[in-house]
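These values consider heavy atoms only, across backbone and side chains, with no hydrogens, waters or symmetry-generated copies. Remember, it's a predicted structure, so these values are computed and weren't measured experimentally.
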Amino acid sequence: MEARSWAPRRQLCPQGSMLLAFASLLSCLLTSSQAKVYSRCELARVLQDFGMEGYRGSTLADWVCLAYFTSGFNTAAVDHEADGSTNNGIFQINSRKWCKNLNPEVPNLCQEYCSDLLNPNLKDTVICAMKIVQQPQGLASWEAWRRHCQGKDLSDWVDGCDL
């Protein structure tokens with residue numbers, strides 16, 4: 001009769017990483033069916049309806065420029081960072097500080113799930129973006145805005161949109 005070891009078997013992947021991989025795959029599948037890529041003028045009109053024009057000194061052109069350079073106007077855009085955080089939605093709002101992903105220890109200052117920021121109706125995204133621009137950096141909180149939009153003539157972003 002063989003002696004059998006009662007030591008636990010080593011798993012190829014820890015259970016937590018399998019859960020994370022499954023959740024990421026599931027979120028991609030669920031959100032891709034809801035994805036919307038806005039046109040420039042369509043987005044400007046939606047943002048105007050949400051009261052973004054003039055909010056904290058910003059213009060609609062600022063927001064449209066930001067959305068283009070962060071997500072290409074895609075509401076379902078998700079970018080994975082090296083630190084494990086994600087940038088989510090049309091404004092690429094980061095999970096490290098602003099929304100709740102799988103890590104329960106993040107501040108979640110917008111009090112939203114990151115998946116809510118992928119919704120094509122943009123309500124949750126706009127509410128969160130408004131909280132972000134209330135910070136001292138304002139729109140400069142986004143590197144894409146600093147690099148591509150700040151200090152530039154942005155009138156072309158809303159030109160011809162019948163706002």
Next on the checklist: Which residue in the set Trp145, Trp157, Trp142 passes side chain to side chain donor-acceptor pair (under 3.5 Å) when paired with Asp62?
Outcome noted: Trp145
Checklist outcome for this item: Per side chain to side chain contact (heavy atoms under 4.5 Å, CB included), Ser141 is matched among Ile93, Asn94, Ile132 by Ile132
Item to check | Common cluster, Val106/Tyr113, ILVMFWY with side-chain heavy-atom separation under 4.5 Å | outcome: no
Item to check | ILVMFWY network linking Leu163 to Leu122, side-chain heavy atoms under 4.5 angstrom | outcome: yes
Next on the checklist: Side-chain heavy atoms nearer than 4.5 Å, only ILVMFWY residues, links allowed to pass through others: does that put Ile127 and Tyr38 together?
Outcome noted: no
Next on the checklist: Could you check, using the six-membered ring where one of them is a Trp, whether Tyr55 and Trp63 have ring centers closer than 6.0 angstrom?
Outcome noted: no
Next on the checklist: Measuring only between side-chain heavy atoms, which start at C-beta, is Asn88 closer than 4.5 Å to Ser95?
Outcome noted: yes
Item to check | Point-to-point distance, once rounded to the nearest 0.5 Å, from SG of Cys128 to CZ of Phe91 | outcome: 10.5 Å
Checklist outcome for this item: Cys161 and Arg45 have their tightest heavy-atom pair at O-NH1, 3.1 Å
Next on the checklist: What's the separation between atom CG in Asn87 and atom CG in Leu117, rounded to the nearest 0.5 Å?
Outcome noted: 11.0 Å
Checklist entry - When you measure from the side chain of Asn108 to the backbone N and O of Glu112, does any donor-acceptor pair fall under 3.5 Å? => result yes
Item to check | Joint cluster assignment, Tyr68 & Met52, ILVMFWY side-chain distance < 4.5 Å | outcome: yes
Item to check | Donor-acceptor under 3.5 Å (Ser71 side chain, Phe73 main chain) | outcome: yes
Checklist entry - Using a distance-only test with no angle check, is there a side-chain donor-acceptor pair under 3.5 angstrom linking Asn119 and Thr125? => result no
Item to check | same_hphob_cluster(Val37, Val158) at 4.5 Å side-chain heavy-atom cutoff | outcome: yes
Checklist entry - Would you say Asp79's side chain and Ala77's backbone share a donor-acceptor pair under 3.5 angstrom? => result no
Next on the checklist: Using only atom types and a distance under 3.5 Å, with no angle test, would you say the side chain of Arg56 pairs donor to acceptor with the backbone of Val133?
Outcome noted: no
Checklist entry - Would you find more than 12 non-hydrogen atoms of other residues, nucleotides or ligands less than 6.0 Å from Asp162 atom CG? => result no
Checklist outcome for this item: The reported gap from CG in Leu60 to SG in Cys41 (rounded to nearest 0.5 angstrom) is 11.0 Å
Checklist entry - What residue among Ile90, Leu139, Leu154 forms side chain to side chain contact (heavy atoms under 4.5 Å, CB included) with Leu66? => result Leu139
Checklist entry - So, the side chain of Gln150 versus the backbone of Arg147: is there a donor-acceptor pair under 3.5 Å, distance only? => result no
Checklist outcome for this item: Correct closest heavy-atom pair for Ser155 and Asp153 would be OG-OD1, 2.8 Å
Item to check | Step-by-step side-chain contact (heavy atoms from CB on, under 4.5 Å) determination, Lys100 to Gln111 | outcome: CA-CA 7 Å; Lys100 183 177 182 172; Gln111 297 296 302; over 6 Å; no
Item to check | Salt-bridge criterion met for Glu42 and Lys36 (N-O under 4.0 Å) | outcome: yes
Checklist entry - Say you draw a straight line from CG of Asp124 to CG of Leu118; how long is it, rounded to the nearest 0.5 Å? => result 10.0 Å
Checklist entry - Once you find the SG atom in Cys110 and the one in Cys99, is the distance between them below 2.5 Å? => result no
Checklist entry - Do other residues, nucleotides or ligands put more than 12 heavy atoms under 6.0 Å from Lys152 NZ? => result yes
Next on the checklist: Determine whether Glu53 and Thr59 satisfy the following criterion, side-chain contact (heavy atoms from CB on, under 4.5 Å), listing intermediate values before the conclusion.
Outcome noted: CA-CA 5 Å; Glu53 174 65 44; Thr59 65; 4.1 Å; yes
Item to check | Exam field: side chain Arg40 to backbone Asp159, donor-acceptor pair closer than 3.5 Å | outcome: yes
